[in-house]
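What follows is a set of notes on a single structure, which appears directly below.
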2 protein chains.
Amino acid sequence: MPSITRRRSDAADRRGGVETQILDTVARLLAEGAGFTELGVQRIAAESGVARSTFYLYFADKTQLLLRLAASMSQTSFGITAAWRPEAGVEALTATFAEVIATYRANAALLTAVQETSAYDPAVRDFWNGRLEAFRDNTRQVIAAEQQAGRTPADIDPAVATHLMIDGGDRFLLRHVTTDDGSGDAAAARELAATWWYGIFRRPATDERRRR
Amino acid sequence: MPSITRRRSDAADRRGGVETQILDTVARLLAEGAGFTELGVQRIAAESGVARSTFYLYFADKTQLLLRLAASMSQTSFGITAAWRPEAGVEALTATFAEVIATYRANAALLTAVQETSAYDPAVRDFWNGRLEAFRDNTRQVIAAEQQAGRTPADIDPAVATHLMIDGGDRFLLRHVTTDDGSGDAAAARELAATWWYGIFRRPATDERRRR
DNA sequence: ACTTCGTCGGACACTCTGTCCGACAATCAG
DNA sequence: CTGATTGTCGGACAGAGTGTCCGACGAAGT
């Protein structure tokens, strides 16, 4: 890793070295099941092989470390869901959620840490909420468009339905990947897709319901 | 150490005294928007008008205090949802959720504290999970019975659908009552009821879907 | 008057946090 | 080669908070 012909990049190299080292170490500790709250700076520094004071040269505090870790998390989930269009139907939605579950599973430890910390740290809460807001925006627009096209009942409140899907779905998915060994992934994706599809996107219209 | 020849009025004395005083004070502080994690024993004791050392005569730690507070929370939510039967239909389900929202709103501060603490404290997490398990049991049974009767598709996994409804619904409801001023309660109840009803209980059967 | 009880208030040991600073080796400039 | 710069170390430090312990003290009950 150290370069022979060192230029100004020397500082950048080293800086990136220690920082990456710390980030990787924490990611590993979280993956091993450590609770982020119980994980002290002392422990992080020791496991990273640096002095505790050095930790503070790179991160103002543990929260900043978590935010940087979370920011590095692949943002593929959004791309996956944004790619789905109602015209593709419920089978495509199932496939979409199967992919989302895979990314949740890949980042389960980090997601758990974020959820744990966002419960009492406003900075982390705002960060995660902002991340979810991208999903909400997209979902609201899709619902509104379907309502325009007459395929989704007009009496559905897009904002409320969106919160149910995104916030409720986020909780469901996180719980699922932290308690299920993977054998239930397909069922979870199917259930999630079918419930949103028949419960919201293709919910029977009010007049259709009356006829039943 | 515990006293030996103490009268039975001991509990009654405490109930009218220091213990209730502390519990009430913390409930008030939480209602005023204090975060439970940031709430120190020092502050709790001072606001309760007792010495800090006296706090430890009644509670082993802050977690025990929260668990006792949570245990005192009215358990009406379960009674409300358990009373609903599929035969009553989606309108009755909407009314049920409206009542549930009212109880969530009445206990919003405490629920937030529980959720916040359960993120990193296993004892609190287990407590709340156990509380939700009663709802899950009931829901699983209702789904299974509806499947037996042929009114709910047999290919739905009752356990997965239940987790989506209870865990996802819990998150949705808590978020709702902590961000909405109450004007959206009716819409939230309607959306929740309709989505579970048409997305799960009355989801079109597979052969019916094919015909579409 | 004497005991018992609950509470008080403070001391204590401990842990963790974030800051600071002198030491020190590696590296770079002239 | 010399001197300055850089990044890290290791430890000291103040502050906050936790849970334990104990002597003091007033308000009872007998």
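Residue numbers start from 1 in every chain, and the chains themselves are labelled A, B, ... in the order their sequence lines are given, proteins ahead of strands.
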Overall bend - the helix from C:dA1-D:dT30 to C:dG30-D:dC1, comparing terminal axes fitted on five pairs, nearest 10 degrees: 10°

With sequence neighbours excluded, tell me which residues meet salt bridge (charged side-chain N to carboxylate O under 4.0 Å, His left out) with [X].
{"X": "B:E38", "result": "none"}
{"X": "A:R68", "result": "A:E19"}
{"X": "B:R136", "result": "B:E133, B:D167"}
{"X": "B:D121", "result": "none"}

Shorter than 3.5 Å, N or O on both sides, protein versus nucleotides 9-15 of chain C: list them out with atom names.
residue, atom, partner, partner atom, Å
C:dG9, N7, B:S53, OG, 3.0
C:dG9, O6, B:S53, OG, 3.0

Check: [X] ring centroid to [Y] ring centroid under 6.0 Å:
{"X": "A:Y120", "Y": "B:Y120", "result": "yes"}
{"X": "A:W196", "Y": "A:F172", "result": "no"}
{"X": "B:W128", "Y": "B:F135", "result": "no"}

Cationic N near anionic O, under 4.0 Å, A:D155 to A:R203: no

Residues A:R125, B:E116: salt bridge by 4.0 Å N-O rule: no

Contacting residues from residues 23-48 of chain A, given that a heavy atom lies under 4.0 angstrom of DNA chain C: A:G40, A:V41

Residues within residues 62-69 of chain A bordering DNA chain C, heavy-atom distance below 4.0 Å: none

Which residues share a side chain to side chain contact (heavy atoms under 4.5 Å, CB included) with B:A145, sequence neighbours left out: none

Partner residues of B:A27 under the side chain to side chain contact (heavy atoms under 4.5 Å, CB included) criterion, sequence neighbours left out: B:L69

Below 3.5 Å between N/O atoms, which protein atoms pair up with nucleotides 23-25 of chain C? Just atom names and distances, please.
none

Residue pairs involving residues 89-99 of chain A (criterion side chain to side chain donor-acceptor pair (under 3.5 Å); sequence neighbours excluded): none

Phosphate OP1/OP2 of D:dG19: any B:Y56 side-chain N/O under 4.0 Å: yes

Contact under 4.0 Å: A:Y58 side-chain N or O vs D:dG7 OP1/OP2: no

